[in-house]
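The chains referred to below are lettered A, B, ... by the order of the sequence lines, with proteins before strands, and numbering in each begins at 1.
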Protein chains: 2
Amino acid sequence: MHDELARFEAYLRTRGLRMTRPRETILRTFLETEGHLSADALLRETRKVDPRIGQATVFRTIHLIAEAGLAREACNDEGARTYEHLAGHPHHDHLRCSQCGRIIEFCDPEIEQRQAAIFAQFGFEPQGHMMELTGVCPECRRAMVARRSRQ
Amino acid sequence: MHDELARFEAYLRTRGLRMTRPRETILRTFLETEGHLSADALLRETRKVDPRIGQATVFRTIHLIAEAGLAREACNDEGARTYEHLAGHPHHDHLRCSQCGRIIEFCDPEIEQRQAAIFAQFGFEPQGHMMELTGVCPECRRAMVARRSRQ
DNA sequence: CTTAATGCAAACTTTTTGCACATCA
DNA sequence: TGATGTGCAAAAAGTTTGCATTAAG
């Protein structure tokens, strides 16, 4: 956590920007929350710590956090963009059912390895990744078959 | 293309829905366009064929197309959700620079293979996937180093 | 003929922006 | 002090919904 705060401050400095109270509060809150977080949810959480924080600041700050490589977009969880921090926990990816919206998280070391290779191949400094597989889950497949035969 | 139209019609039938003129026009237009397409861009393209089509219909139809497994979300290209059709061309993934927004497309057969394995493992019927790696491209890395040393 | 689909406009939601004031270095 | 940052409110952008009318099967 301290590590991330330091990285963020360092990133800000390289851009001539400042580490402020609201930015720190927002980042701390963001890091404390596991899972997908919309800007709106982050605003609500942040306001529990400091109710004066405005939503514009949250939007502006989450962009900075993502640019700094501390967050990745965790893809439209319906409606709003969501973010996920990249600290501590292993990367995981998503398997989503296009029918019922259910999301299964998984982690595949082989894929992680290939991703690292691709970053290297193109000379990129890795920051994060997101992968979402879309399909139809077993339950919905059954439901679809049932519906079809009923007609 | 005929194949996709048939698949879409079949999908609609399983849900008790109808294949209509606007839906066909929208799907045809969508399939003819390579690359990422926002709902708004799809509306404009579709209206070149049939100017009476409304945006609500495009939104409603692109959802159906995605549910039918003929499109995948190609992740927020800035601002709006974009879609990409899954017909004909090989799956490709994205490597995006978080600083300048540049996107490199690549294709990694090993990753594709692992993805297929994961669908199978969870009993999902595969429809599509999206993967986006985020990092800092070589140019921006250089720029960042230069800026840092200047200060 | 019955049910679903369409287009329009309005409503809603999410995100960005302008600006006066506060704050950091 | 001079720059950047903040909160607020307004604006913009994207998406969904209600409804009268049209079209599909």
Side-chain angles (χ1 to χ4, degrees), chain A residues 5 8-27 29-30 36-47 49-68 71 73-83 101 147 151, chain B residues 5 8-29 36-47 49-68 71 73-83 101 147 151:
Chain A
L5 288 168
F8 189 48
E9 189 162 2
Y11 173 77
L12 291 174
R13 247 197 288 268
T14 67
R15 307 225 353 210
L17 307 177
R18 296 165 185 169
M19 176 57 115
T20 62
R21 270 290 241 114
R23 283 182 183 161
E24 183 173 335
T25 305
I26 291 165
L27 178 55
T29 306
F30 180 60
H36 303 176
L37 202 57
S38 66
D40 188 59
L42 180 54
L43 174 65
R44 285 197 306 273
E45 288 306 309
T46 305
R47 278 186 166 162
V49 180
D50 180 353
R52 312 163 159 223
I53 288 179
Q55 63 168 0
T57 303
V58 169
F59 274 101
R60 290 186 276 231
T61 303
I62 192 70
H63 289 170
L64 288 172
I65 292 173
E67 278 170 22
E73 279 193 18
C75 227
N76 303 326
D77 269 16
E78 63 245 14
R81 265 177 249 176
T82 60
Y83 299 85
R147 182 161 38 193
Q151 289 179 341
Chain B
L5 288 168
F8 189 49
E9 189 161 3
Y11 172 77
L12 292 173
R13 246 197 289 268
T14 67
R15 307 223 356 208
L17 307 177
R18 296 165 184 171
M19 177 57 116
T20 63
R21 271 290 242 113
R23 282 181 182 162
E24 183 172 335
T25 305
I26 291 165
L27 178 55
R28 288 187 113 90
T29 306
H36 304 176
L37 203 56
S38 65
D40 189 59
L42 180 55
L43 174 65
R44 284 196 307 273
E45 287 307 308
T46 305
R47 278 187 166 161
V49 180
D50 180 351
R52 314 164 159 223
I53 288 180
Q55 63 168 2
T57 303
V58 169
F59 274 100
R60 290 185 277 232
T61 303
I62 193 70
H63 288 170
L64 288 172
I65 292 173
E67 277 170 22
E73 279 193 17
C75 230
N76 304 324
D77 269 14
E78 66 245 11
R81 263 177 251 177
T82 62
Y83 298 85
R147 183 161 38 193
Q151 290 179 338

Exercise. Could you tell me whether B:R60 contacts a base, only the sugar-phosphate backbone, or nothing, with contacts defined as non-hydrogen atoms closer than 4.0 Å?
Key: base
Quiz item: In degrees, rounded to 10°, what is the bend between the two ends of the helix from C:dC1-D:dG25 to C:dA25-D:dT1, using five pairs at each?
Solution: 40°
Quiz prompt | Separation of D:dT16 P from B:I62 CD1 (nearest whole Å) | solution = 12 Å
Practice problem: For B:F8 and C:dA5, give me the distance from atom CZ to atom P, rounded to whole Å. | Solution: 10 Å
Quiz item: To the side chain of A:A56, which of D:dT6, D:dA9, C:dC8 is closest?
Solution: D:dA9
Self-check item: Rounded distance [0.5 Å steps], CG in A:L37 versus CZ in A:R44
Solution: 9.0 Å
Quiz item: Any side-chain heavy-atom pair from A:I62 and A:I26 closer than 4.5 angstrom?
Solution: no
Quiz item: So, is B:H63 close to the D:dT16 phosphate, meaning a side-chain N or O under 4.0 Å from OP1 or OP2?
Solution: yes
Practice problem: Between A:R52 and A:A39, name the one whose nearest nucleotide on DNA chain C is closer to the 5' end. | Solution: A:A39
Practice problem: Send over the distance from B:D50 CG to C:dA5 C1', rounded to a whole Å. | Solution: 14 Å
Quiz item: Please give, in whole Å, the distance from D:dT22 C1' to B:I53 CD1?
Solution: 14 Å
Quiz item: Should A:T61 and A:L27 be marked as a side chain to side chain contact (heavy atoms under 4.5 Å, CB included) after you check the CA-CA gap, both sets of side-chain angles, and the distance that decides it?
Solution: CA-CA 8 Å; A:T61 303; A:L27 178 55; 5.7 Å; no
Quiz item: How many Å lie between CD on B:E9 and C1' on D:dA24, as a whole number?
Solution: 11 Å
Exercise. Give the ring-plane orientation class for A:F59 versus A:H63, where under 30° counts as parallel, over 60° as perpendicular and anything between as tilted.
Key: perpendicular
Practice problem: Please report, rounded to the nearest Å, how far the C1' atom of C:dC8 is from the CZ atom of B:F59. | Solution: 15 Å
Practice problem: Considering just the side-chain nitrogens and oxygens of B:T20, establish if one lies under 4.0 Å of OP1 or OP2 belonging to D:dA23. | Solution: no
Quiz prompt | Residue closer to the 5' end of DNA chain D, B:S38 versus B:R21 (nearest nucleotide) | solution = B:S38
Quiz item: Atom CG of A:L12 and atom C1' of C:dT23: how far apart are they, to the nearest Å?
Solution: 15 Å
Quiz prompt | Heavy-atom donor-acceptor pair, A:R47 side chain to A:I53 backbone, under 3.5 Å | solution = yes
Self-check item: First of A:R47 and B:D40 reached from the 5' end of DNA chain D, by closest nucleotide
Solution: A:R47
Exercise. Answer yes or no: side-chain N or O of B:R18 and base N or O of C:dT3 forming a donor-acceptor pair under 3.5 Å.
Key: yes
Practice problem: Indicate yes or no: at least one non-hydrogen side-chain atom of A:L17 is less than 4.5 angstrom from one of A:R23. | Solution: yes
Quiz item: Taking only side-chain nitrogens and oxygens of A:R23, does any of them come within less than 4.0 Å of OP1 or OP2 of D:dT6?
Solution: yes
Self-check item: 4.5 Å side-chain heavy-atom contact, B:R60 and B:L64
Solution: no
Quiz item: In whole angstroms, how far is the P atom of C:dA5 from the CD atom of B:E24?
Solution: 15 Å
